[in-house]
**Student:** 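Below is the structure I would like to discuss, written out as structure tokens.
Here the structure is a predicted model, which is why all the values come from computation and not from measurement. Scope of the values below: all heavy atoms of this structure, side chains included, with no hydrogens, waters or symmetry mates. In what follows, chains carry the letters A, B, and so on, assigned in the order in which the sequence lines appear, proteins first and then strands, with residues in each chain numbered from 1.
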Amino acid sequence: MRAIELVNLSVYYGPVRGVEDVSLYVDDGEIVALLGANGAGKSTLLKAISGIVGTKRGSIKYFGENFAKTSAHQRVIRGLVHVPEGRRIFTALTVRENLELGIYSAKLKHGQRTERFDEVLEMFPILKEHATRLAGMLSGGEQQVLAIARGMMSKPRVLMIDEPSLGLDPQKVDIVYDLLEAVAATGTTVLLVEQNVNLALEIATRAYVLQQGSVALSGDSSTLASDPRLSAAYLGAESD
Amino acid sequence: MTLLMSEILNGLFLGAFFGLVAVGYSLVYGILRLINFAHGDFFMVAAFVAYTILGSSIVGHGHMVWFTVAWVGLLVMVATGLLAVLANRLVYHPMRRAALLSLMIAALGLSQVLENGVLNIPGWGSAYLTFPVTSPPNGFTVLQTNFSWFQLIIVLIAGFLSLGVYLLVGRTLIGKAMRAVSEDRIAAVLMGINVDLVIAVVFFIGGALAGAAAVMTGVYYGQINYLMGWTVGLEAFTAAVLGGIGNIGGAVLGGVVLGIAQSVGTGWFGAEWAIVVTFVALVLLLWLRPTGILGERVARRM
Amino acid sequence: MAAKLPKGGVILAFIAVAALVPQFTNNQYYLSVGYQTEMLICLALGLNIVVGYAGLLDLGFAAFFAIGAYTTAVLSVNHHWSIIATIVPGVLIAVVCAVIIGLPTLRLRSDYLAVVTLGFGEIIQTIANNMSMTGGPTGIYGIPTLTISHIVIQTPVAFYYVLLVLLLLFVLISLRVRHSRIGRAWLCIREDEDAAQAMGIKIHRYKLYAYMGGAVMGSLTGSLYAPALSAISPPSFGFSESLLILMALAIGGMGSVSGAILGGMIVVILPEAFRQFAQTRLLVFGLVLIIVMMTRPRGLLPENAFRGFRWPFRRRVAPLDGAVIPMVATASSPSASSEEDDR
Amino acid sequence: MFRNSKSMRFATSGLLVTGLVALSISFQAGGVASAASKSNFVIGVPLPMTGAEASAGTEIFNAMKLAASKINSQGGVAGHKIVLNEQDSACDATTAVNAANLLVSAHVNAIAGEYCSSAALPEQPIFSRAGIPVVFAAANSPALLTGHFKNTFLTLASGSGDAAEAAAFFKQDLKETKIAIIDDQSAYGTAIADAMSADLRSNGLTLAGGAIQAVPATQTDFSSVIAAVKSSGATGIFWTGYYAQAALLVKQLAAAGVKATFVGSEAAIDATFITGAGSAGIGTYATEFVSPSGKAINLFNAHYRKAFKSAPGPYSSYGYDAIQILARAGNAAKSIQPSKIIAALRKTNFVGVTGRIKFSPVGARLGMPEEVLVVKNGQYVKNSVQPKL
């Protein structure tokens, strides 16, 4: 079953090209990584899939359903959750309130909400002691964990996560990636955008490499890892 | 000394009105960063709607009248809320990508449209209209100052409504969604929050509060006019800034502080200088505390 | 510079046409509407320095207009000064007021500054209304005519030309200052205050300059407008007047001289054009205001000298990519694409 | 991509401006053309039709329409039909100047109207330069008579008579000695308040609190002023402002338990006051010019009610008389020429709905005795005791 399938997708910011003619798919239960240099269009692609930027051409299918006319918040309700770059947690709200907003759209009774809240805290124990603090007071790594935890509150079918390692020290990065593996282990499909190739290929089953808005390479993680064109794609884009 | 105390008590009463309208101002500002100059005119339109409905539905005397006032009040709150939602849908929503100044000018245009719309409606027009129901004068005396029971009821209703909104924003899920939208609209969308709906709810609440204030104004003061919204709007806006705009508790507090400042200032310098006292106090306060009394949350964001 | 030529052309054409108007009509009414338009354009150009160039939202600009008009009226009626001589004290008082109100408040963010300037406008109007020196609510009447050496300016035509000269002066100043060192500093502050400060621009000082510049222009206009009106009273200098000036600028286009000219024409001429509809004309005016702002939110003749122009008081946006903001809504998901603009 | 195209922008803006100018010219030119037909007696009517005083303007204009149609049905003025050319002055100096210039450009034969003195003052020199007779219907600031304009006549005597009457009433009949003056900060109210302050002194009465209390005309809550009045120990209150605020003030005074006797100026008299103040208004007083022919005013009120389905405003009758004054002057001069009408206006002497109308050499209304009214059974009646001046 294809969780996400993009066919010839193009996104433009006014006259500026974001991505052009991208086709890719993510199967149910997979971890797929989107790789590429800065400005290659990875984040744009995620934003197009989650619906916060409009597309110019092409189609987005989510479990076979066409998403062209579905508004961004509706996509979340269908189980497609996007943890954006820079975490974007609500700093003026408490950790608990942030998590509660993660199941905003779910039609749950109060008891069920608390239950889910406890489940997620079990999964992300770092947050436990901070539940009543303002999210803005957390450290960077804790904020990233909160962002993922917030995304997991609604038990998404697909979790898209953008640059989870950005700005974190290696130790925190390990924690975050362990969590991601734990998330995937619950059966959640993960679409991961990452600049750090080695990190991403370690947990992903497959990967796509974007270069200047188009797919340059794709394949299994293990084959890609040894492909010399991979580093060329990075270096090529960087030397531009 | 008793004069000062009675001025403070009067100021508290005035502040209840300011605060109620200011909460609406503050809510909309908090979520859209828009100084909604038309907000005072929602209040004005509400007073006229209440005037018309009450005029045609008052039957009987005594308690029956107050029962009618109560349900008309609720009806007008809903109607004004819907008016605000409609204004948002027709004017502000299509402009959500425009610069704030453009939005502000559009709000001024809307204010003109509402005022002059009422001016041109037969039966409303430019005259000072006498409200069909007026509050009975009997009451009680505190510190040699007479208050009517109705004034007490107004303060209680205003306090009750403000507290309701405060709890709604602070405790409920939709309230949390409002705060989320106010802080980061994109992230809110990614939580599955229907931002347009949240904004509509905010306009509805703001409008409904203005509607409640309008009915109480009509019944208490007994007189309405098509320009009544402008002054109230200006005072409410000042109160909202004074308390720290975007902050519900701040709006109520700002209203009370403004009411007291006006009342006491009038006592010292004469009513003709009331507005000068108000604004000098505002400048001093902003100088010492540039974000208003309770404005920290906004300050950090800016 | 080439890109600016068409605009210069528009301004020149306007001035030329404006100068010729009295040759075609001596209708007193048209001429009086004419000089009121010029007056409002002058005020809009003054406000343009404050709001359009430096990005400071001012909701009480009519205060400086009032200061000029009242200084001239008081000195000429009560103390028999000649009108020309009253201009200097008017300007001085305006500048002093600008500094007094500006020093403590110009460090505030725009919304707070807006309410403080609004308050300043109300204060000036209240003072005019309450002092016996300013004639209280009746105001001051019998303001003598303007005499420049031996020429007596009394007829609408004469005032029309006097205000046209002032307008021309303001246009030249606005265009010159825009590309001067100080003008560039203002634009930097408007675009990004923090960055401007990081670049070593003394932002408070330059903000104060802008505020003072606007005050001088507002006061000058007031001094010359008082004799044209012959009687002034507080209601003409209230919040609604301040808003009218701001509207002119917003409709025409912030930061743009040709925009101020066009906007001034619209806000004066439009309500006059709908005079026949007495009670409905302001309704129409309000509708026009909304429609213009909805269809052309940057005004009819926006400033376009800069690519990547950033509007003052836009929401403080941090787009996800830090990249370009979508200008054109594209095919799919209209509700979705619109969200990009906000944080 | 239209948005970024410079030519499009110029084109649309250019079109808009051209359209506006064309609109304005066609509208105003239409007005000019119709007014210029010389067979009519065209009376220019500058009145506030928008803004805060719009209701007063409408009420005055309605009465003028009544007068004009009545005179026209009786054969017009020296054979010419009266045509009213109404222009909104909005009680704002700038708008008023435009209205005045528009009327002058339309070559009207005379002016009747204007409610606010602040609008009348800048209009005056414009009408004077054009040599058009002006009968101000309700604006009555003394300042209007100091400019030595030979063409100005006031239908309404300046408000100082109200103050003199009220002061005498407080002293002789009410025997109150400590009087508070509350002023609404309008041009009208302030003038009367100042006059009252002087009249209190000359009558040996005290101004309670030592100063005039002023409230902005937009104020609806008077609690702080009432607190001041209460603490000053005033036993009488003189209100110089208008009826709408008067109703609020009286109600709030009653609610605050202030027992001082309330006397309003003539501007406080209106049906809205009686309904608005309710029980608090009963027994309050107001001073007014005597209308000797009670019958005429009653007839006028009845006509007005029939024609407009509402009660006339406090100044409607003055608007009615302003038109009558001009019509009689035209008939006396047998001409509708402005200069001849001005000459005839000086000799005005007849009884209108507001009483006998005569003018002083500077154009002030003469001989308007005052009387004190009291609110009884839902209407104004002449008080049983009247002070001797």
**Student:** Just by distance, no angles: are the side chains of D:Gln219 and D:Asp184 close enough, under 3.5 Å, to form a donor-acceptor pair?
**Tutor:**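 No, D:Asp184 and D:Gln219 have no side-chain donor paired with an acceptor closer than 3.5 Å.
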**Student:** Under 4.5 Å heavy-atom distance to chain C, tell me which part of D:Ser117 shows up: side chain, backbone, both or neither.
**Tutor:** neither
**Student:** So which residue, D:Leu121, D:Val97, D:Thr190, ends up with the most heavy-atom pairs under 4.5 Å with chain C?
**Tutor:** D:Leu121
**Student:** Look at the aromatic rings of D:Tyr315 and D:Tyr115 and report parallel, tilted or perpendicular, splitting at 30° and 60°.
**Tutor:**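 Ring orientation of D:Tyr315 relative to D:Tyr115: perpendicular.
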**Student:** Less than 4.5 Å to any heavy atom of chain C: does that hold for the side chain of D:Ala99, its backbone, both, or neither?
**Tutor:**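 When you check distances to chain C, atoms from both the backbone and side chain of D:Ala99 fall under 4.5 Å.
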**Student:** Below 4.5 Å, heavy-atom pairs only: which of C:Ser233, C:Ser32, C:Gly252 has the largest tally toward chain D?
**Tutor:** C:Ser32
**Student:** Heavy-atom distance under 4.5 Å to chain D: side chain of C:Gln36, backbone, both or neither?
**Tutor:** side chain
**Student:** Among the options D:Asp92, D:Thr95, D:Asn101, pick out the one with the most heavy-atom pairs lying under 4.5 Å from chain C.
**Tutor:**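 Maximum pair count with chain C is reached by D:Asn101.
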**Student:** Against D:Leu103, only a single residue in D:Asn98, D:Val108, D:Ile126, D:Val45 fulfils side-chain contact (heavy atoms from CB on, under 4.5 Å); can you say which?
**Tutor:**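 The passing option is D:Val108.
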**Student:** Within the 4.5 Å heavy-atom criterion, are C:Leu300 and C:Ile251 side-chain neighbours or not?
**Tutor:** yes
**Student:** Select one option (side chain, backbone, both, neither) describing which atoms of C:Thr138 are under 4.5 Å from chain D's heavy atoms.
**Tutor:** both
**Student:** Any heavy-atom pair between the side chains of C:Ile41 and C:Phe14 that's under 4.5 Å?
**Tutor:** yes
**Student:** By a 4.5 Å heavy-atom criterion (distance strictly below it), what part of C:Tyr35 contacts chain D: side chain, backbone, both, or neither?
**Tutor:**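 The answer is the side chain of C:Tyr35.
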**Student:** When you check the side-chain N and O atoms of D:Gln124 and D:Thr152, is any donor under 3.5 Å from an acceptor?
**Tutor:** yes
